[in-house]
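Proteins get letters first, then strands, A, B, ... in listed order; numbering begins at 1 in each.
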Protein chains: 2
Amino acid sequence: MTTETSNQERGLAERAYLTLRAAILEHELAPGTRLSVPNVAERLGVSRSPAREAIARITYEGLAHFEPNKGAVVADVDAASLVEIYEVREALEGLACRLASRRMSPQDVDGLRDLLAQHAAAVEAGDVETHYKLDMRFHARIRELAGNTRLTTQLELLQRQIRLAMYTTHRSPGGMPQAVTEHRRIVDALESGDPVLAEAAGRSHIGRLLRDLSAAERVG
Amino acid sequence: MTTETSNQERGLAERAYLTLRAAILEHELAPGTRLSVPNVAERLGVSRSPAREAIARITYEGLAHFEPNKGAVVADVDAASLVEIYEVREALEGLACRLASRRMSPQDVDGLRDLLAQHAAAVEAGDVETHYKLDMRFHARIRELAGNTRLTTQLELLQRQIRLAMYTTHRSPGGMPQAVTEHRRIVDALESGDPVLAEAAGRSHIGRLLRDLSAAERVG
DNA sequence: CTACGAGAGATTGCATGCAATTTCAAGCCC
DNA sequence: GGGCTTGAAATTGCATGCAATCTCTCGTAG
C-alpha cells in the first residue's frame, strides 16, 4: 500500500521519515552513522520537529538505535541480530502461508505461479536484481493473501531490517535457484489447501536461509 | 492523582508515555477516548512536546490509532483484531517455547514449576487476580528464557493489546484450570528438551484461547 | 613526548509561538 | 419545528527559543 507513489499529500514528518528510511535502506547512510536532529533536519530540508519525529520512527522500527548521550545511530545489524530476526521471521512466514492457504482462490494461485515463472526466468538469466525484487514481491503477495494486518506489518518490519543487514553481510547469489525451488514448493502447498503443509513449506524456506546464515557465520 | 507510578530518572517524554500507557491499560482512558495533545499534556502535567511524543509511541504500539483530522483515539480492539493478534501470538509463543527448550537449565525448569505451583494454588482458591498475574509471569519468564529480544518485544506488545481488549470483551474465569493444565504441559515439554514438542505445547495453548475466542464471538 | 584539563561547539530535550484547518454548536431561515 | 449556515473554539503540524549537558579538540603542563 505504501509504495513510493503518493509522497505529496502527507505531512513533512511522514515524508521526512520515508526519505530517511530510503536513505538508510539504500545504504546512503551507512550503519554507524549518527542521526543528529539538526543534521537530519538540514539534510531533508525541514525544521527540527519533523526531523526529530522521523528519527524517532526510524528508531522504533529498529533501523537505528539509541546510544545514551549520542542520539540515534543507524543500526549495524550483526549476525546475532540477524539470527533473531530470521527466527521470528521463520515463525511468521509459516503463519502467513498457513493463513493464505485458507483464503486463497485459484486465481490467487495463478498469480503466484506467474510471479514464480518470472522469477525462474530471471534466475535462469542470472539477473540478481530482478531475482531480489521478485523474491520480495512473492513474499509480499503471500502476506497480503494471509489477510492479517499485524502479521503483515511485522513481516515488513523484519524485511527492512534484513535489507539493512544485507549490505553489512553478503548477499548470497548462490541461493537463487534454491529460492525458486522452495517458492514453488510453497505455491504447491498453498494450492493443495493443506494449512499444515503450507506452513511447513513457508517455514522450511526461511529455516534454510537461517541455517545458511549460521553456516556462513561459522565460516567468516 | 498525578504521577504516583515509578519515577525513573528518564526524560519527561518517557514518563509521560509510561503514565499514559498505564492509564490506557487500566482503562482509566477507555477505548474511543480522544488523545488530543493539549489534553494529554495537561493531564500529565507536561508541555505539548513530550505529550505529543508519548501519544506517538502509544499509537505506534497499537494502543491507539490515528483518525484523520481527529488525532489519536484509544484503540477499541474488536473481535476481528483479537483474532489477528492471537494468530500471531500463537506462532510467536510457540517459537518462544521452542527456543526456551534449547537454552533452559534444570534450575530454570524448577523456577517454572514453582510458578506453576503458585498458579495452581491461586486457581484452586479461585483467586482471579493472582491467576492473571501469574499467567502473565509464566509467559514472561518463557520469553525471557527464549533469549530473543525481538521476539520478547513483540510478545509484550501483543500482550498489552490483549490486555486492552480484555476490558472490552470478557475475561474468562472458566478457563483458569485449563490454563494451569496447559502450562504444566508446556513445562513438561520444556523439560523434555524436545523443541518440537515444546513448540507444539506453546502453540496449542494459545490456539485453544484463539478457538475459545472464536466460539465466544459466534455466540455473542 | 605524553597525559590531562579547559573551553568551544554541538546536541538533546523541553517549552512555546503561530498559521491553517477542522470540529462543534448555536442561531437563522424556510 | 427542522435543516442549513456561519462563526468561534480547539487541534494539529511545524518552526523556533533556550538551558543543561555532553563531546571533542586543542593547548598546556609535566
Using whole Å, what does the distance between atom [atom2] of nucleotide [N] and atom [atom1] of [X] come to?
X	N	atom1	atom2	value
B:Phe66	D:dT12	CZ	C1'	8 Å
B:Glu42	D:dA10	CD	P	11 Å
B:Arg52	D:dT11	CZ	C1'	10 Å
A:Lys70	D:dT23	NZ	P	7 Å
B:Leu44	C:dC14	CG	P	13 Å
B:Glu14	C:dT12	CD	P	17 Å
B:Leu12	D:dA19	CG	C1'	14 Å
B:Glu53	D:dG13	CD	P	15 Å

Would you kindly compare B:Pro38 and A:Pro68 by the position of their nearest DNA chain D nucleotide and give the one closer to the 5′ end?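 Result of the comparison: B:Pro38.
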### Query
Where do B:Ser81 and A:Arg150 land on the side-chain contact (heavy atoms from CB on, under 4.5 Å) test, with the steps shown first?
CA-CA 9 Å; B:Ser81 294; A:Arg150 330 241 164 188; 3.1 Å; yes
Is a donor-acceptor pair below 3.5 Å formed from side chain A:Arg48 to base D:dG17, judging by atom type as modelled?
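Donor-acceptor pair under 3.5 Å: yes.
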Practice item. Give B:Ser36 one of three labels, base, sugar-phosphate or nothing, depending on what nucleic acid heavy atoms sit under 4.0 Å from its own. Key: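 Result for B:Ser36 = sugar-phosphate.
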Do we see a donor-acceptor contact under 3.5 Å between the side chains of A:Glu182 and A:Ser204?
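There is no such pair (donor and acceptor under 3.5 Å, judged by atom type) between the side chains of A:Glu182 and A:Ser204.
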Check: Do A:Glu84 and A:Val88 pass the side-chain contact (heavy atoms from CB on, under 4.5 Å) test, and can you show the C-alpha distance, the side-chain angles, and the key distance before you say yes or no?
Finding: CA-CA 6 Å; A:Glu84 284 196 358; A:Val88 174; 5.8 Å; no
Open item on the list: Measuring from the side chain of A:Arg34 (C-beta onward, heavy atoms only), which nucleotide among D:dC24, D:dA15, C:dC14 has the closest atom?
Closed with: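 Among the listed nucleotides, the one closest to the side chain of A:Arg34 is D:dC24.
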Any idea which of C:dC14, C:dT11, D:dT12 is nearest the B:Val37 side chain?
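Among C:dC14, C:dT11, D:dT12, the one nearest the side chain of B:Val37 is D:dT12.
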Q) Would a 4.5 Å heavy-atom cut-off, applied to side chains only, mark A:Leu20 and A:Leu63 as touching? A)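 No, their side chains stay 4.5 Å or more apart.
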By nearest heavy atom, map A:Asn69 and A:Ser49 onto DNA chain C; which one lands nearer the 5' end?
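Its nearest nucleotide being more 5', the pick is A:Asn69.
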Item to check | Intermediate values then yes/no, side-chain contact (heavy atoms from CB on, under 4.5 Å), B:Arg43 and B:Leu29 | outcome: CA-CA 11 Å; B:Arg43 180 190 177 87; B:Leu29 293 170; 3.9 Å; yes
